[in-house]
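As structure tokens, the structure follows; a few thoughts come after it.
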Amino acid sequence: MKRVLLRLLGVVLMTMLAACASVSRREGADRVQALVGQRVPDAGFWSQAPQVPAAIESRVNELLAAPLTPVSAQKVALLKNPDLAASFAKLGIAQADVVEASRIGNPGFSASALRDGGPSKITMGLSLPLSDLLLLSSKRRFAEGEYERAQQLIAAEIVTLCADVARAWYEAAGARQVAAMRDAVSRAAAASSDLAQRYYEAGNISALALKLEQASASQARIAASMARAESTRARLALNARMGLNGDMAGRWQLDVPLAAPAETEDELETLRALARENRLDLLAARREVDQLGEALGVVRRWRLIGNIDLGVEREREPDGGKLSGPSLALAIPLFNQGQAAIARAQAQLEIGRANLARLELQIDNDVVLGRDRVAAMRSIVEDYRSALVPQREAIVARQQERTDFMLSGAFDLLLSRQQEFDAYAAYLDAVRDYWVARTELGRAVGTVLPSDASISTRVIDVEALLAPTEVSAPEHMHHGGSADAMPGMDHSGHGVPAMEAGPADDQAPAGGEGRTMDHSGHGSPPIGPAPTGTHGAKERHEKAQDTSDAMHDGYEGSK
């Protein structure tokens, strides 16, 4: 009997030692990095090594020193965002569950000392939970499956973080360029208002015309202030997404202008297939259903087994005799035969299947909606690129010619100029919305879109657009080439009003100073300071009348 007992205890101990082997958290982190790396280009990660903080700061400073792209912004977030550390901490919890599932319950020790007026009768016992030993392999397999699912969910959180950073980058870049354009519109409107004031003082226009110009300038100034505020908000939002403090918001620059739409868009079925294969939350949901199905099988297989304790007892009699032998304690499945456990496992499996079906439906709808949104924004961008922007440019060119030949007034030219800048700003809005839509489509698909490989062309460079150009009147407003000859709306070389390009919008003063509009050579009626004093009243009246007659004759001749 003793040999049998010793062999039994030896088997139990060997099983316990084998169960002590556990999964590595480092291996789990590497698996998470591999999953993310397959879906986010050039992903580099936070590490727990004690010497890493200095290396992280050095790498972040290196990334921030160059103009920030969506990819480099994601790299900064993967190094600095505190959500990443929290996600990897969840991996430690899942690892602990695997370790716990790999061990049986602790052995139990019992002792008693009974006496009846004489020497004590001492009984000692040692027992192990046999039920834990029987279920050990199933529990460990289930815990390892949960560990794998936790890796998928954590990687999904990181991919979502990267998508959030990319969206914030496009919003910040678009807001910066729109703010620069709105600032240009505001300056053009202010110049028009100043010119109107001089015309009014010379007696050439009515008070109503002056107020209309002033109201237009005020409206443009308010729009520029709102655009600057939105640019600041978007910049700080990106800064927070990257995990940087507010003091670092002014240390980095955005790599603008935005890129033109991709040359080709992906087919819907291709995107659906990519989503089914790459959405990590979908893979985790499928894994959960498999786990719940396996758990239901285990419950059904072992439903009649309750707590089973196997052990050994030793008893010392008052007369000095000793008794020892094995002991067994088990629950008799008389009233509870595991019906509730089976029902619970079955319900959990049904819930898991329902959640999987819901997620599959949501992903499919997100992919369809995302693709339609990208297609719609691409169409809008193309309308701006091939229709409205060239039309506004042509209007300015023709208006410049009419002004040069005194067929229309300077206010008409300035209004056309403002409308042209409005078209540029709206085009930038559309390009930004296109890239935001593509980012959301990538989030829905769960990986890089295949059409990303066809992205190369830049769009309007606001600084180049506002830079002064040396051209000859009256053709200095001609934007040579058709829309089809302007891939990505590259407006370099376009003749535009001579403006002094001020600092980049990231460092632009709050009031929008830094650029001035030079209207010299625009063919507008010669306007100088109005004569003052009583001796200048007649001269002012004659000059105003001559200018008014010239403008009137010009309009009459154009009919």
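Every value quoted in this text rests on a predicted model; they were computed, and no experiment measured them. All values below were derived from every heavy atom in this structure, side-chain atoms included, with hydrogens, water molecules and symmetry-related copies excluded.
Side-chain contact between Leu274 and Pro450 is present, with at least one heavy-atom pair separated by less than 4.5 Å. Looking at heavy atoms from C-beta onward, Leu78 lies in side-chain contact with Cys162 at the 4.5 angstrom threshold. Using a 4.5 Å cut-off on side-chain heavy atoms (C-beta onward), Trp169 and Leu258 make contact. Using a 4.5 Å heavy-atom cutoff, the side chains of Glu171 and Val436 are in contact. Two residues are said to be in side-chain contact when any heavy atoms from C-beta on lie closer than 4.5 Å; Phe88 and Ile158 meet this criterion. Side-chain contact between Gln38 and Thr447: absent, with no pair of heavy atoms (C-beta onward) separated by less than 4.5 Å. Between Val40 and Val159, the closest side-chain pair of non-hydrogen atoms falls below 4.5 Å. Side-chain contact check for Gln400 versus Asp404: some heavy-atom pair is nearer than 4.5 Å.
Between Asp183 and Arg187, at least one side-chain N (NZ, or NE/NH1/NH2) sits under 4.0 Å from a carboxylate O, which counts as a salt bridge. Ion pairing between a basic and an acidic side chain is recognised when a charged N comes within 4.0 Å of a carboxylate O; Glu382 and Arg378 show no such pairing. Between Asp452 and Arg438 there is a salt bridge, since a side-chain N of the basic residue sits under 4.0 Å from a carboxylate O of the acidic one.
Remark: side-chain polar atoms of Asn239 are not paired, donor with acceptor, to backbone N or O of Arg235 under 3.5 angstrom. At distances below 3.5 Å, not a single donor-acceptor pair connects side-chain atoms of Ser379 with backbone N or O atoms of Ala375.
A search for side chain to side chain contact (heavy atoms under 4.5 Å, CB included) contacts involving Arg31 returns Leu35, Gln151, not counting sequence neighbours. Scanning for salt bridge (Lys or Arg N to Asp or Glu O under 4.0 Å) contacts around Asp164 gives Arg241, Arg443, with sequence neighbours left out. Remark: Ser87 pairs with Glu157 by the side-chain hydrogen bond (donor to acceptor under 3.5 Å, both in side chains) rule, at least two apart or across chains. In terms of the salt bridge (Lys or Arg N to Asp or Glu O under 4.0 Å) criterion, residue partners of Asp281 (sequence neighbours excluded) are, by chain and number, Arg279. For the side chain to side chain contact (heavy atoms under 4.5 Å, CB included) test, residues two or more places apart in sequence or in another chain that qualify with Asn245 are Asp247, Met248. Residues that satisfy the salt bridge (Lys or Arg N to Asp or Glu O under 4.0 Å) test with Arg276, not counting sequence neighbours, are absent from this structure. For the side-chain hydrogen bond (donor to acceptor under 3.5 Å, both in side chains) test, residues two or more places apart in sequence or in another chain that qualify with Ser72 are Thr69. Residues that satisfy the salt bridge (Lys or Arg N to Asp or Glu O under 4.0 Å) test with Asp255, not counting sequence neighbours, are Arg458. With sequence neighbours left out, Leu268 forms a side chain to side chain contact (heavy atoms under 4.5 Å, CB included) with Arg272, Val367, Val368, Arg371. For Ala172, the side chain to side chain contact (heavy atoms under 4.5 Å, CB included) partners two or more places apart in sequence, or in a different chain, are Ala234, Leu238, Leu254.
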Sequence neighbours excluded and cut-off under 3.5 Å, please list the side-chain donor-acceptor pairs for residues 58-66, or say none.
| unit_1 | atom_1 | unit_2 | atom_2 | d |
| --- | --- | --- | --- | --- |
| Arg59 | NH1 | Glu62 | OE2 | 3.2 |
| Asn61 | OD1 | Arg251 | NH2 | 3.1 |
| Asn61 | ND2 | Glu57 | O | 3.1 |

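For residues 204-226, the set of pairs meeting the ring pair (Phe, Tyr, Trp, His ring centres under 6.0 Å) definition, not counting sequence neighbours, is empty.
Looking at Arg182, Arg417, Arg392 one by one, the single match for side-chain contact (heavy atoms from CB on, under 4.5 Å) with Asp422 turns out to be Arg182.
Side-chain contact, Gln197 with Gln214: a donor N or O sits under 3.5 Å from an acceptor N or O.
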